[in-house]
2 protein chains.
Amino acid sequence: MPKISITSYDVAQAAGVSQSAVSRAYSPTASIADKKRKHILKIANQMGYRPNAIARSMSSARSDGRQRSGIVGVIVTRIQDPFFANTIALFSSLLQAKGWHMLLFTIDSPEDVDDALHSLMQFKIDGVVILSAILSEHMARTCQANGTPVMLYNRNASAAGISSVQIDNYAGGQTAAEVLLNAGHSRIAFVGGIETDKTTQERERGFADRLAEAGCPVVQREFGDYTFDSGREAAGRLFSGRDRPDAVFCASDVMALGVLHAAMQDMGLRVPEDFSLVGFDDIPSAAWPGHQLTSIRQPIRRMIREAVDILIARMENPELAPALVTYPGVVIMRGTVRMLSAD
Amino acid sequence: MPKISITSYDVAQAAGVSQSAVSRAYSPTASIADKKRKHILKIANQMGYRPNAIARSMSSARSDGRQRSGIVGVIVTRIQDPFFANTIALFSSLLQAKGWHMLLFTIDSPEDVDDALHSLMQFKIDGVVILSAILSEHMARTCQANGTPVMLYNRNASAAGISSVQIDNYAGGQTAAEVLLNAGHSRIAFVGGIETDKTTQERERGFADRLAEAGCPVVQREFGDYTFDSGREAAGRLFSGRDRPDAVFCASDVMALGVLHAAMQDMGLRVPEDFSLVGFDDIPSAAWPGHQLTSIRQPIRRMIREAVDILIARMENPELAPALVTYPGVVIMRGTVRMLSAD
DNA sequence: AGCATAATTGCATGCGCATGCAAAACCGGA
DNA sequence: TCCGGTTTTGCATGCGCATGCAATTATGCT
């Protein structure tokens with residue numbers, strides 16, 4: 001087995017300096033003669049030397065009592081959901097643009113967050129993002145004690161010391177209700193994702209509350225699992241009966257598209273002539289010409305940017321208080337809600 | 001600043017054993033009395049101790065001359081593309097199921113692979129997956145010298161010592177041609193992604209070769225950037241002229257859907273009555289009732305599983321030769337290609 | 001019980017790096 | 001030229017862990 005990795009000692013020897021000099025050459029703040037630094041870096045590059053990020057984070061532990069790896073852990077469920085996949089993509093880009101890296105951890109069920117976090121902590125990550133799930137009180141305290149900032153994306157901060165960035169699901173539900181009420185609908189149905197899921201619950205609550213206010217309660221509730229197929233199946237249940245709803249609000253665009261495709265293709269219904277449809281998220285395909293899905297948009301770019309900024313700020317300065325941010329969703333009116341002519 | 005991280009020494013003290021015992025308690029192969037191991041683990045859990053994966057990978061360097069971090073680096077371009085996002089999701093799940101973790105690195109342009117790899121190497125990753133891009137000869141040699149196995153996904157292994165898993169793009173293009181020829185088309189167009197991209201090139205080459213064989217050359221070539229909108233724009237160019245093509249092969253489903261939506265909604269064309277359409281990839285939305293897009297399916301689950309298996313095998317046994325695997329695509333016939341009645 | 005062998009344990013050490021500290025080199029002014 | 005002050009440098013050390021090795025204890029057999 002040949003000598004594998006080049007260390008700072010090797011470079012030091014080759015450059016005729018001490019190992020510390022090499023180390024300092026790579027530390028922008030360190031005191032070292034500019035000429036010498038250049039020389040060292042030149043030699044180092046020739047040799048293909050790469051400072052060992054792992055060892056670095058180990059040894060820096062001594063000085064400030066903390067290890068920094070430059071890595072942010074991201075925990076995510078439902079990674080196959082395009083909405084989430086996209087969210088991860090954005091997180092990764094933004095984190096990286098700011099010089100951080102992303103260690104991805106996928107879990108099957110929201111209950112696995114604590115375990116995942118445990119595993120992740122082994123890597124001495126500097127911060128954590130949790131997508132659409134929450135951690136236990138106990139784990140939150142552990143993170144706080146560890147000085148590891150936590151960012152809940154898409155969820156309320158459940159414990160002290162935790163930041164969060166999310167859409168206002170309740171208000172979004174209300175908005176959807178308003179859109180359908182304004183369009184003059186009266187037999188309005190709701191299609192949710194997983195019934196025990198906070199997101200679905202809040203969206204339904206806002207929706208139902210607003211409808212109730214208007215004296216026009218939800219006539220039918222269906223639930224799926226956020227997938228296209230589950231939306232499609234929900235459509236079957238919605239439109240098979242006698243008294244069909246004349247409007248549907250889906251807690252996610254993917255399900256709304258499932259409803260749309262099923263209604264139009266499988267059941268021969270027209271939208272918005274036969275019923276109006278409102279989705280949530282405003283994913284890219286909602287805007288496709290053949291869909292024109294009216295939806296409540298999440299400004300995900302901005303949200304993720306903010307989440308990243310907050311997290312980075314706290315990683316760099318652990319004293320900082322956690323931030324709680326809620327964004328409003330905005331209606332994007334498209335073709336799946338009927339227009340009332342002035343009457 | 002309070003004492004932050006609990007170390008093996010702390011646990012050892014609390015458990016009344018030596019630090020080595022604690023270390024061994026966490027090493028499945030180490031020689032330690034079962035009873036003592038249980039005891040240590042119990043105490044350790046009570047204290048919330050987590051072995052430090054970073055330090056571990058540091059110290060294990062001594063014994064076998066290599067550091068293992070348990071982390072696989074994944075380099076990806078076009079992460080916003082749903083097809084890629086989904087691929088990453090699968091890689092992450094599968095790697096994790098086998099006890100590995102994924103450090104994600106996004107790059108804007110395929111030329112940045114070498115740089116990305118350099119950065120990634122700082123983290124002493126045990127292996128690399130590169131999606132739809134290739135590395136330089138020089139970098140390939142560096143990786144080999146380092147004993148870091150590289151897996152090119154969606155690309156030919158460009159250098160020695162590199163594994164690859166990919167779809168047979170050339171054959172896929174041929175198949176698409178056959179499908180359209182069998183349907184009796186004669187004015188056949190091609191829509192590619194980025195023109196300099198290997199994937200697009202190979203798919204077009206197979207497609208064009210097969211058509212040429214049949215004496216029916218491609219009548220129009222358009223290129224986009226793999227996005228829906230670029231497909232939509234390509235449709236504008238395809239169908240604005242006098243002699244419209246009567247069939248189109250798109251090098252990706254996303255673009256094919258762009259063509260489909262544009263043609264049906266923006267231009268009032270019917271599919272397959274006015275033209276047939278074949279895509280590539282068979283993404284989930286190709287199967288949606290309103291699309292029914294005929295496509296060349298990539299068995300991505302199997303491909304990614306194989307890629308992961310090969311990579312892991314090589315990480316665990318560096319002596320192993322690299323593997324080169326090509327999967328055939330299979331046609332999924334749906335509604336966007338016209339059926340000829342027996343004649 | 002008495003001995004040989006096997007299983008277990010603790011000590012000491014090193015991984016690659018960053019940094020406190022003191023020695024050395026440098027600088028400018030008198 | 002000499003001195004006080006400022007940079008720059010190298011030495012030595014420790015981070016948390018895994019492991020070789022030797023010391024110790026447990027086990028099996030006669």
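All chains are named by letter (A, B, ...) in the order of the sequence lines, taking the proteins before the strands, and each is independently numbered beginning at 1.
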Rounded off to whole Å, could you give me the [atom1]-to-[atom2] distance for the [X] and [N] pair?
X	N	atom1	atom2	result
B:Ile6	D:dC15	CD1	P	16 Å
A:Ile54	C:dA18	CD1	C1'	16 Å
B:Ile32	D:dC17	CD1	C1'	15 Å
B:Ile40	D:dC17	CD1	C1'	14 Å
A:Arg50	C:dC17	CZ	P	12 Å
A:His39	D:dT9	NE2	P	12 Å
A:Asn52	C:dC15	CG	P	13 Å
A:Lys124	D:dC17	NZ	C1'	11 Å

B:Ser31 side chain: which of C:dC17, D:dT9, C:dT8 is closest?
C:dT8
B:Ala33 has its side chain closest, among D:dC17, C:dC17, C:dT9, to C:dT9
Residues A:Arg314 and A:Asp126 bridged, charged N to O under 4.0 Å
no
Would you tabulate the side-chain donor-acceptor contacts of residues 26-36 of chain B under 3.5 Å, counting partners in other chains and residues two or more places apart, or write 'none'?
{"unit_1": "B:Asp34", "atom_1": "OD2", "unit_2": "B:Lys38", "atom_2": "NZ", "d": "3.0"}

Enumerate the salt bridge (Lys or Arg N to Asp or Glu O under 4.0 Å) contacts for [range], please, sequence neighbours excluded, ordered by first and then second residue.
range	value
residues 19-32 of chain B	none
residues 105-122 of chain B	none
residues 85-107 of chain A	A:Lys98-A:Asp309

Ring pair (Phe, Tyr, Trp, His ring centres under 6.0 Å) contacts touching residues 107-148 of chain B (sequence neighbours left out):
A:His101-B:Phe123
Establish, with yes or no, whether the OP1 or OP2 oxygen of [N] is under 4.0 angstrom from a side-chain nitrogen or oxygen of [X].
X	N	value
A:Arg56	C:dA18	yes
B:Tyr9	C:dG10	no
B:Lys36	C:dT8	no

Base, sugar-phosphate or nothing for B:Tyr26? Non-hydrogen atoms, less than 4.0 Å.
nothing
Contact check, side chains of A:Pro149 and A:Val128, non-hydrogen atoms, under 4.5 Å:
no
Axis-to-axis angle between the two ends of the helix from C:dA1-D:dT30 to C:dA30-D:dT1 (five base pairs per end, rounded to 10 degrees)
30°
Of all of residues 15-24 of chain A, which get a heavy atom below 4.0 angstrom from DNA chain C, listed by number?
A:Gln19, A:Ser20, A:Ser23, A:Arg24
Name all residues meeting the side-chain contact (heavy atoms from CB on, under 4.5 Å) criterion together with B:Arg302; count only those two or more places apart in sequence or in a different chain, and write none if there are none.
B:Pro299, B:Tyr327
Output every pair passing side-chain hydrogen bond (donor to acceptor under 3.5 Å, both in side chains) with a member in residues 82-92 of chain B, not counting sequence neighbours, ordered by first then second residue.
none
